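In what follows, every heavy atom counts, from backbone to side chain, and hydrogens, waters and symmetry copies are set aside. Every value quoted in this text rests on a predicted model; they were computed, and no experiment measured them. Residue indices begin at 1 and follow the sequence shown.
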Amino acid sequence: MSDVLPVAVEHQKPAIASPMRNEGSGGIFLRFRAYLRDRRGVGGVEFAILAPILIATYFSCFELTIGFSFSKRATRATGTVGDLVAQQSTVNKAFLSTMTTAAKSIFAPYDVEGLSKLANNPLNLKITGIQIDDAGTAKTLWSWQRTGSTPYAVGSTVTVPKELRIKNTFLIRTEMVTSYPLMLFLPTTFSPDKRAISMNREIFYQQRTGDKITCSDC
């Protein structure tokens, strides 16, 4: 007689459909939750949003730094021109015209001529000889400017700082006007002269030799 081994029969319970899956709104809700939890591409989206702002900020800071460096050169150039003229005993238009070249050399490596024109404020240089009489009144003895004209009439009154208004002395006044255009890399609705750093410098020097400095053909 052969042995018959009992075979265990596993009874599977019928699957009960989830009411959440059968409902269309529940499926949409689950998919929306899965979408919210999905973090793929978040870094790329954040980079796309922040990168233009950070790049614009970087270039703005860089350009402002150059602008302030340009501004320091304007002060240095004005002072250098005044110092050179103050060392002379007599000058003429030919000599004074070389002061523009001297000023430009102080601005190197920046192209002060091109930048000033781009900002719609061309580089201009004025040099004035000022005589202060025994009454303490400062008057123009001679004047010259880069454009070739005479900016101030002989004998016209000049405003001089109180500490420099010494009787029977002579002063050289140097004035420089220039500008540095900002945000050249970004298209804006503002014209170049509206977004430029304007620089107007005025420096006084006393003559180094003699009683005054004359200009033979001013």
Asn92: what forms a side chain to side chain donor-acceptor pair (under 3.5 Å) with it, not counting sequence neighbours? none
With side chain to side chain contact (heavy atoms under 4.5 Å, CB included) as the criterion, how do Arg76 and Phe107 come out once you've worked through the C-alpha distance, each side chain's angles and the decisive distance to 0.1 Å? CA-CA 9 Å; Arg76 194 182 309 152; Phe107 281 95; over 6 Å; no
Can you hop from Ile106 to Leu123 via hydrophobic side chains spaced under 4.5 Å? no
Candidate pair Asp111 and Ser116, rule side chain to side chain contact (heavy atoms under 4.5 Å, CB included), full reasoning: CA-CA 8 Å; Asp111 178 17; Ser116 297; over 6 Å; no
Rounded at 0.5 Å granularity, tell me how far NZ in Lys126 sits from OG in Ser143. 9.0 Å
Considering non-hydrogen atoms only, spot the tightest contact between Pro181 and Leu115 and give its length. CD-O, 3.4 Å
Apply side chain to side chain contact (heavy atoms under 4.5 Å, CB included) to the pair Val85 and Leu96, showing each step before the final yes or no. CA-CA 8 Å; Val85 177; Leu96 295 175; 4.2 Å; yes
Please walk me through it: do Ser156 and Thr140 pass side-chain hydrogen bond (donor to acceptor under 3.5 Å, both in side chains)? CA-CA 5 Å; Ser156 58; Thr140 301; 3.1 Å; yes
Checking Thr78 side chain against Ala74 main chain: does a donor-acceptor pair fall under 3.5 Å? yes
Please name the pair of heavy atoms, one in Met176 and one in Ala103, separated by the smallest distance, quoted to 0.1 Å. CE-CB, 3.6 Å
For a salt bridge (Lys or Arg N to Asp or Glu O under 4.0 Å) check, start with the C-alpha distance between Glu175 and Arg201, then their side-chain angles and the critical distance, and finish with the verdict. CA-CA 5 Å; Glu175 300 170 89; Arg201 300 291 186 267; over 6 Å; no
Determine yes or no for a side-chain-to-main-chain donor-acceptor pair under 3.5 angstrom, with Thr57 supplying the side chain and Ile53 the backbone. yes
Is there a path of hydrophobic side-chain contacts, each under 4.5 Å between heavy atoms of I, L, V, M, F, W or Y residues, that connects Ile130 with Trp142? no
Do you know which of Thr100, Asn200, Thr147 makes side chain to side chain contact (heavy atoms under 4.5 Å, CB included) with Asn124? Thr147
Check the hydrophobic clustering (I, L, V, M, F, W, Y; side-chain heavy atoms under 4.5 Å; chains of links allowed) and say if Met99 and Ile213 are grouped together. yes
Once salt bridge (charged side-chain N to carboxylate O under 4.0 Å, His left out) is applied, what residue pairs with a partner in residues 128-144 remain, sequence neighbours excluded? none
Closest non-hydrogen atoms of Thr169 and Ile166, given as atom of the first, atom of the second and distance, are OG1-O, 2.6 Å
Stepwise, does the side chain to side chain contact (heavy atoms under 4.5 Å, CB included) test hold for Val81 with Ile127? CA-CA 9 Å; Val81 169; Ile127 303 174; 3.8 Å; yes
Expected output: side-chain Ser71 to main-chain Gly67 donor-acceptor under 3.5 Å: no
Check: Phe70 and Thr178 side chains under 4.5 Å, non-hydrogen atoms: yes
Tell me which pairs pass side-chain hydrogen bond (donor to acceptor under 3.5 Å, both in side chains) where either residue lies in residues 207-218, with sequence neighbours left out. Asp83-Arg208, Thr90-Thr214
A side-chain contact here means heavy atoms from C-beta on lying under 4.5 Å apart; do Phe170 and Gln206 qualify? no
Approximate separation, where rounding is to 0.5 Å, of Leu141 CG and Leu171 CG: 11.5 Å
Within the structure provided, determine whether Tyr205 and Arg173 are in side-chain contact (heavy-atom separation under 4.5 Å). no
Do the side chains of Phe62 and Leu64 join up, straight or via other hydrophobic residues, at under 4.5 Å, putting them in one cluster? yes
Taking all non-hydrogen atoms of both residues, which atom of Ala138 and which atom of Ile132 are closest, and how far apart? CB-CG1, 3.9 Å
What are the two closest heavy atoms between Ile172 and Ala86, and how far apart are they? CG1-CA, 4.4 Å
Parallel, tilted or perpendicular, as decided by the 30° and 60° cut-offs, for the rings of Tyr180 and Tyr110: perpendicular
Check whether NZ of the Lys or CZ of the Arg Arg73 lies under 6.0 Å from the centre of the six-membered ring of Phe68 and within 45 degrees of that ring's axis. no
How close do Asn121 and Ser179 get, heavy atom to heavy atom, and via which atoms? ND2-OG, 2.7 Å
Same cluster for Phe204 and Leu125 if Ile/Leu/Val/Met/Phe/Trp/Tyr side chains link at under 4.5 Å? no
